[in-house]
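Worksheet for the structure shown next.
Heavy atoms only: backbone and side chains are in, while hydrogens, waters and symmetry mates are out.
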Amino acid sequence: MTKKQRRVPKDKKTGVPKKYMSGAKNKAAKAAEIKRTAEAYRKGEYIDIKAVSKSRTKQNVSGKKKKTTKRKSKK
């Protein structure tokens with residue numbers, strides 16, 4: 001008997017999982033991009049991964065790389 005997977009909480013407006021929408025500046029644009037890419041994948045069409053990656057990083061709220069913390073030197 002296979003194990004049943006838990007249902008993922010989804011955004012009410014878009015129907016996209018909430019986890020994918022977190023941290024987006026424009027949630028509608030991000031949802032549209034995710035749906036467009038998913039549809040193209042299902043049809044077996046070409047997906048420009050570079051463009052998808054660029055649009056998703058553009059949607060990121062922080063918009064910059066996180067700095068690493070300096071390690072304290074041992075004495």
Side-chain angles (χ1 to χ4, degrees):
M1 193 160 154
T2 57
K3 200 172 183 182
K4 232 181 176 184
Q5 288 188 334
R6 188 180 292 179
R7 292 188 80 190
V8 179
K10 296 186 178 171
D11 186 46
K12 282 191 167 72
K13 251 184 189 175
T14 59
V16 175
K18 282 184 181 179
K19 191 172 185 179
Y20 297 163
M21 305 302 291
S22 65
K25 289 177 190 173
N26 185 348
K27 289 186 190 246
K30 188 160 187 170
E33 188 272 318
I34 289 169
K35 285 181 176 183
R36 189 170 44 250
T37 305
E39 187 63 32
Y41 178 80
R42 265 187 241 114
K43 288 181 180 177
E45 295 172 356
Y46 173 75
I47 297 168
D48 188 8
I49 296 167
K50 213 172 185 180
V52 170
S53 180
K54 191 177 179 183
S55 77
R56 290 187 186 183
T57 52
K58 199 181 198 182
Q59 281 286 327
N60 191 5
V61 170
S62 66
K64 59 186 171 193
K65 289 184 181 178
K66 291 178 182 168
K67 290 183 180 177
T68 56
T69 56
K70 284 188 177 179
R71 292 185 178 180
K72 292 181 181 176
S73 58
K74 291 182 180 178
K75 290 181 181 179

Q | NZ-NZ distance between K10 and K19, expressed to the nearest 0.5 angstrom | A | 14.5 Å

Q: Quick one: list whatever passes salt bridge (charged side-chain N to carboxylate O under 4.0 Å, His left out) with R36, sequence neighbours left out.
A: none

Q: For A38, enumerate each residue passing the side-chain contact (heavy atoms from CB on, under 4.5 Å) test, keeping only those at least two apart in sequence or located in another chain.
A: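 By the side-chain contact (heavy atoms from CB on, under 4.5 Å) rule, A38 matches R42.
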
Q | Set of residues satisfying side-chain contact (heavy atoms from CB on, under 4.5 Å) with respect to K13, sequence neighbours excluded | A | D11

Q: Only counting residues at least two apart or in another chain, list the ones meeting side-chain hydrogen bond (donor to acceptor under 3.5 Å, both in side chains) with E33.
A: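 Scan of E33 (side-chain hydrogen bond (donor to acceptor under 3.5 Å, both in side chains), adjacent residues dropped) gives T37, R56.
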
Q: Taking all heavy atoms of S22 and all of K30, pick out the closest pair and write down the distance.
A: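 Taking every non-hydrogen atom into account, O-NZ, 4.5 Å.
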
**Q.** Validation row: N26, Q59 side chains within 4.5 angstrom (heavy atoms)
**A.** yes

Q: Kindly say whether G15 contributes a backbone atom to a donor-acceptor pair with the side chain of K35 at under 3.5 angstrom?
A: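 No, the answer is negative, given that no donor and acceptor are paired below the 3.5 Å cut-off.
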
Sequence neighbours excluded and cut-off under 3.5 Å, please list the side-chain donor-acceptor pairs for residues 46-53, or say none.
none

